[in-house]
Every structure is written in structure tokens, then in C-alpha cells.
Amino acid sequence: MAGAEPHINAMPTKAFFVDMLVKDIPLERAILDLVDNCIDGAKRLRPADEPDFTGLQVALSLSDEEFVIEDNCGGFDVATAQNYAFRFGRPSEAKSTDYSIGQFGVGMKRALFKFGRYFEVHSTTQNQKWSMTVNVDDWEEAPEWVFDFDEIIEDQEFPLEDCGTRIIVRELRPEVSSRFGGEYFRRQLSEMIRSHQRQFLASGLAIEFDETHLTNTELKIRTGGKFNPAIEEFSYDEETEAPILVRIVAGLSESIPSEAGWYIVCNGRVILSADRSDQTGWGSVADQKVGIPKYHNQYARFRGVVFFNCRSSSKLPWNTTKTGLDTSSAVWQATFPKMLDHTRTVIKFLNSLDEEIEEYGRSAAPLLSALSRETQAQEVEKFKGSRSFSWNTSPRAPGPKMTKIQYSREASKIRSLMTALGVGSAKAVGETTFDIIYKEQAEGEEE
């Protein structure tokens with residue numbers, strides 16, 4: 001062919017791009033991404049190390065027909081909407097929010113396309129107000145990769161309480177409509193927001209879900225007396241303009257299996273909750289001297305939290321959907337061995353506690369008694385300053401050594417003895433029959 005060589009068109013179709021964009025993120029996580037954007041707005045309004053978000057709020061409502069989220073967290077201006085907010089990905093020159101949790105530039109777009117085929121965005125700042133409407137079917141047919149404004153109002157002052165963003169999605173995808181209308185999904189979503197946004201809720205941000213005010217989940221570790229949780233703080237990349245501050249807290253809490261494990265928090269956003277997988281070291285090696293055993297309920301008191309904080313959130317060890325870790329990141333590789341050390345130390349205590357309970361019984365075990373009597377539960381965010389996990393070496397419990405007896409018998413026979421002895425459990429049958437036989441034996445020896 002004469003002249004310049006022709007180009008090969010590698011441009012994706014919009015329909016293909018949209019389908020691929022929304023494919024790999026769970027519906028709940030897409031909603032959390034939108035809440036994250038609201039929180040980034042709150043961070044821009046209250047840029048402090050430990051901000052007070054009192055007075056700022058996010059409201060969500062959803063049904064089988066529409067999804068709505070709105071906030072009073074400052075909104076974003078026309079220039080941001082034109083150049084950054086609706087780009088698929090974050091341009092290198094895009095404005096960044098210090099310590100943001102919406103870094104990757106895909107969350108809002110991915111959520112809107114995942115939910116439905118029609119959406120509106122309205123935003124107000126102190127001197128601008130704008131809105132846009134997108135019919136996805138029409139947009140996919142058009143050759144341009146642009147959205148159009150419906151309205152722009154500039155050079156006008158708007159009250160601070162009116163500054164925020166409102167998003168409405170309709171013409172929901174069938175599978176989305178079904179789940180949005182389901183009670184189980186709504187309960188699950190409510191608990192996820194309470195858990196993953198717990199630090200911001202605790203800092204005064206109000207989040208309402210279908211007109212119900214959400215409270216943060218508790219994440220506490222016991223301290224007091226001679227019991228101290230492990231606290232380790234260090235900086236990574238501290239020679240750069242955006243060092244990563246890492247704080248590890250590991251210790252003991254209530255014996256609740258569903259809450260035990262490691263929690264990973266990036267810029268205040270919980271990305272892993274009560275993790276007990278090999279990702280955080282559990283079951284890494286069978287030999288406890290060099291690794292960590294697989295989790296079982298003997299370790300239900302274990303709580304470990306790692307806080308990663310950085311002005312540049314792209315340096316944090318999370319994936320783009322904030323559903324898990326980027327375990328290949330350098331800061332995670334530096335943190336993981338320290339987590340293993342702290343896990344191993346706490347497990348050593350829990351093994352000692354279990355041995356005491358086995359030997360003396362739950363009511364007489366000195367470590368368990370001291371843990372209950374001397375310690376108080378404290379929010380993990382309040383623990384500062386490095387120190388080692390420690391506990392007092394308790395004196396031997398008074399009284400004789402105890403040994404557990406376990407055996408099985410036919411259920412019908414056990415029920416018959418429960419009735420005859422006037423007790424309410426199989427355990428009580430065993431203890432009562434043992435005491436009867438032992439007493440008869442002792443009396444026989446006296447004769």
C-alpha cells in the first residue's frame with residue numbers, strides 16, 4: 001500500500017469496556033467505594049491528623065428500583081468533573097487528597113455502571129453547582145468518550161451546609177435490582193459499612209442507611225495490671241516526601257471466634273477484618289517454633305491490627321478494589337515478619353492459658369482470673385508508643401490439680417440418668433456419677 005502504513009484499530013467498544021470494568025468487584029464493595037469518595041471529601045474539609053467529622057454525613061438508600069447516595073462533604077468542582085472524576089483511571093496530574101481512600105480513579109465509574117443503565121450526578125461547592133445525566137444505552141452508541149453537563153452555575157455563593165454530592169442510579173441491572181430489594185443483602189451491607197468505615201464513624205462521621213443511623217463496630221484489646229498488648233511503630237520509605245507510617249497492635253480481647261484474627265487498616269479504611277488465613281500468617285508452618293499454626297478456637301481471644309497511613313495512598317498495600325492485600329508490596333514484605341513475631345508471642349500466652357484451664361478448671365485458672373480482674377478493653381486506635389506483649393507469671397493455683405475426663409455413652413441412657421439425678425446436662429451426669437462413686441469408694445475405705 002502506497003504512503004503511510006495504516007493503523008490497526010485497537011480501541012475497545014464501550015459496551016465491552018463497561019462489562020469488563022464491573023466484572024470483578026462485588027456489589028457491596030462497589031457501594032463501599034462510593035462511601036469512600038464521600039469520606040475523601042470529608043478529609044479535604046477537615047485535613048487534620050485526627051480529624052473530627054462531627055456535622056458531616058453520608059446518606060444511602062436503595063431499593064429494587066433505584067440507588068441514592070448523598071453527602072454534605074464539600075462536593076467537587078466543574079474542573080475536577082471535566083478533567084479527572086469521570087476519567088477511567090487517575091491521570092498523573094490529577095489532584096490528590098492527602099491520606100485518601102479513593103486513590104485509583106475507578107471506584108465511582110465502576111459502581112455507576114455496575115448498578116444500572118441510567119445515572120445522575122449533582123454536586124455543589126461553595127461557588128459552583130453542576131449536574132449531569134447519563135443514559136448508558138445512548139452513551140454506548142455515541143462515538144465520543146465524553147459525558148455532557150446538564151447545568152453549570154458559577155460565580156454564586158452557596159451555603160457550606162449545601163455543599164456536597166448526590167448520585168442517583170436507576171434502570172438497575174436485573175441482578176442488582178434483585179439484591180438491592182433483598183433483606184439479607186441490606187443487613188450484610190449495613191454490617192460491612194459499620195466494620196470497614198468504623199474509624200470514620202468513631203471520628204464523628206454520620207452514615208445513614210435507609211434512614212437508620214449506623215454505629216461503628218468495636219475493635220478493642222484488653223490492657224491493665226501486668227497485661228500489655230504489643231505495640232510496634234515504624235516508618236517505611238522515610239527518606240521520601242510520603243513515608244508510610246506503620247503501627248502494629250496485637251493482644252487479647254474477648255473469646256469471640258468470629259472477631260478473632262488480624263485487621264488491616266489503610267488510611268483509616270479497614271480492608272481485612274478478622275482474617276485468619278495464610279495471607280496474614282495463620283497456618284504458615286506446622287512447627288510453632290518457626291511459624292504459626294492454623295487458627296482454631298483456642299485462639300479466639302487473639303486480636304491484631306496493622307495501621308498503614310500515608311499521604312500518597314498509592315503506596316499502601318491494598319488492591320484496587322480494596323478487598324484485600326497487595327502482598328507483593330515492599331511495605332507489606334517489611335511488615336509481615338513483624339506480624340508473625342507478635343502472633344507467635346500472643347499464641348504462646350494463649351497456649352499457657354489453655355493449659356491452665358485444662359489443669360485447674362475455668363473457675364480456678366489464675367491467668368484467666370487475672371485477665372478478667374485486672375484488665376479493661378480499650379479501642380485499638382488509642383494504643384501508641386512501642387512496647388512488647390507481656391503478662392505476669394502467675395503463681396500456681398491453689399487446690400489440687402484437675403484432669404478432664406471425656407467419654408461417650410448412648411444418648412438415651414444419658415437422658416435417663418439426667419432425669420434420675422435431676423441434672424440438666426451430660427456434663428453434669430458425668431460429674432455427679434463420678435462424685436457418687438468416689439464418695440462410696442472413700443466411705444468403703446474408711447470402714
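Note that the structure is predicted; figures quoted are calculated from it, not measured.
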4.5 Å side-chain heavy-atom contact, Lys226 and Ser390: no
Steps toward side-chain contact (heavy atoms from CB on, under 4.5 Å) verdict (Leu189, Leu62): CA-CA 11 Å; Leu189 175 62; Leu62 52 89; 3.7 Å; yes
Side chains of residues 53-61: which donor-acceptor pairs under 3.5 Å do they make with residues two or more places apart or in other chains?
residue	atom	partner	partner atom	Å
Thr54	OG1	Asp52	OD1	2.6

NZ/NE/NH1/NH2 to OD/OE distance under 4.0 Å, Glu381 and Arg198: yes
Validation row: Leu34, Met108 side chains within 4.5 angstrom (heavy atoms): yes
Residue pair Asn267, Ser313: steps toward the side chain to side chain donor-acceptor pair (under 3.5 Å) verdict: CA-CA 7 Å; Asn267 280 354; Ser313 59; 4.9 Å; no
Closest non-hydrogen atom pair, Ile271 against Cys266: CD1-SG, 3.9 Å
salt_bridge(Glu28, Arg179) N-O dist < 4.0 Å: yes
Please tabulate, one pair per line, all N/O donor-acceptor pairs under 3.5 Å involving side-chain atoms of residues 407-425, not counting sequence neighbours.
residue	atom	partner	partner atom	Å
Thr419	OG1	Arg415	O	3.2
Ser425	OG	Ala428	N	3.1

Short side-chain to backbone donor-acceptor contact, Asp71 and Thr165, under 3.5 Å: yes
Side-chain donor-acceptor pair present, Asp210, Thr212, cut-off under 3.5 Å: no
Residues Arg303, Glu379: salt bridge by 4.0 Å N-O rule: no
Side-chain donor or acceptor of Thr375 paired with backbone N/O of Ser372 under 3.5 Å: no
Side-chain H-bond candidate by donor/acceptor type, Glu171 with Asn135, under 3.5 Å: no
Any side-chain heavy-atom pair of Lys114 and Ile25 under 4.5 Å: yes
Polar contact flag, side-chain donor to acceptor under 3.5 angstrom, Thr343-Trp262: yes
Derivation of the side-chain contact (heavy atoms from CB on, under 4.5 Å) call for Leu214 and Glu208: CA-CA 6 Å; Leu214 301 183; Glu208 290 189 357; over 6 Å; no
Close side-chain approach of Ile264 and Met339, heavy atoms under 4.5 Å: yes
Polar side-chain atom of Thr80 near backbone of Phe76 as donor-acceptor pair, under 3.5 Å: no
Test item: Ser177 side-chain N/O and Asp64 main-chain N/O as donor-acceptor pair under 3.5 Å: yes
Test item: Leu272 and Thr280 side chains (from C-beta on) under 4.5 Å apart, heavy atoms: yes
Rounded distance [0.5 Å steps], CG in Asp354 versus CD1 in Ile347: 12.0 Å
Polar side-chain atom of Thr432 near backbone of Val429 as donor-acceptor pair, under 3.5 Å: no
Whether over 12 other heavy atoms sit under 6.0 Å from Glu161 CD: yes
Contact check, side chains of Phe307 and Leu245, non-hydrogen atoms, under 4.5 Å: no
Partner residues of Asp341 under the side chain to side chain contact (heavy atoms under 4.5 Å, CB included) criterion, sequence neighbours left out: Arg344
Donor-acceptor contact present, side-chain Arg276 to main-chain Ala260, <3.5 Å: yes
Main-chain N/O of Asp98 paired with Lys43 side-chain donor or acceptor, under 3.5 Å: no
Distance-only side-chain donor-acceptor flag, Ser312 / Ser314, under 3.5 Å: yes
Check: Asp36 and His196 side chains under 4.5 Å, non-hydrogen atoms: no
Main-chain N/O of Thr215 paired with Arg194 side-chain donor or acceptor, under 3.5 Å: yes
More than 12 heavy atoms from other groups under 6.0 Å of CD on Glu65: no
Greater than 12 external heavy atoms within 6.0 Å of Glu191's CD: yes
Partner residues of Glu241 under the side chain to side chain contact (heavy atoms under 4.5 Å, CB included) criterion, sequence neighbours left out: none
Aromatic ring proximity Tyr236/Trp332, centre distance under 6.0 Å: no
Ring centroid separation Phe389 to Phe227 under 6.0 Å: no
Distance, nearest 0.5 Å, that separates CD of Glu355 from CD of Gln298: 8.5 Å
Shortest non-hydrogen separation from Ile221 to Pro229 and the atoms involved: CG2-CB, 3.7 Å
Charged N-O contact under 4.0 Å between Glu70 and Arg166: yes
Whether Ser178 side chain and Pro174 backbone form a donor-acceptor pair below 3.5 Å: no
Spacing of Leu201 atom CG and Ile207 atom CD1 [to the nearest 0.5 Å]: 4.0 Å
side-chain contact (heavy atoms from CB on, under 4.5 Å) between Asn216 and Phe200, worked out: CA-CA 8 Å; Asn216 59 294; Phe200 308 110; over 6 Å; no
Heavy-atom check, side chain of Leu27 versus side chain of Val176, under 4.5 Å: yes
Between Ser329 and Lys315, a side-chain donor and acceptor under 3.5 Å: no
Arg170, CZ: over 12 other non-hydrogen atoms inside 6.0 angstrom: yes
Nearest heavy atoms of Gly75 and Thr125, plus distance in Å: C-CG2, 4.0 Å
Atom CD of Glu175: over 12 foreign heavy atoms under 6.0 Å: yes
Sidechain-backbone polar pair: Lys109 side chain, Val18 backbone, donor-acceptor under 3.5 Å: no
What pairs of donor and acceptor atoms, side-chain ones from residues 246-259 against any protein atom, are under 3.5 angstrom apart with sequence neighbours left out?
residue	atom	partner	partner atom	Å
Arg247	NH1	Phe383	O	2.8
Ser253	OG	Lys220	O	3.0
Glu254	OE2	Arg222	NH1	2.6

Any side-chain donor near an acceptor of the partner, Ser195 and Ser273, under 3.5 Å: yes
Minimum-distance pair of heavy atoms, taken over all atoms of Gly116 and Val169: N-CG1, 3.7 Å
Phe308 side, atom CZ; Leu316 side, atom CG - distance, nearest 0.5 Å: 8.0 Å
Nearest-0.5 Å distance that lies between atom CZ in Phe67 and atom CD1 in Ile31: 5.0 Å
Gap between atom CZ of Arg29 and atom CG of Asp33 - 0.5 Å precision: 9.5 Å
Residues forming a side-chain hydrogen bond (donor to acceptor under 3.5 Å, both in side chains) with Asp278, sequence neighbours excluded: none
Where Gly385 and Glu233 come nearest, the two heavy atoms and their spacing: N-OE2, 3.3 Å
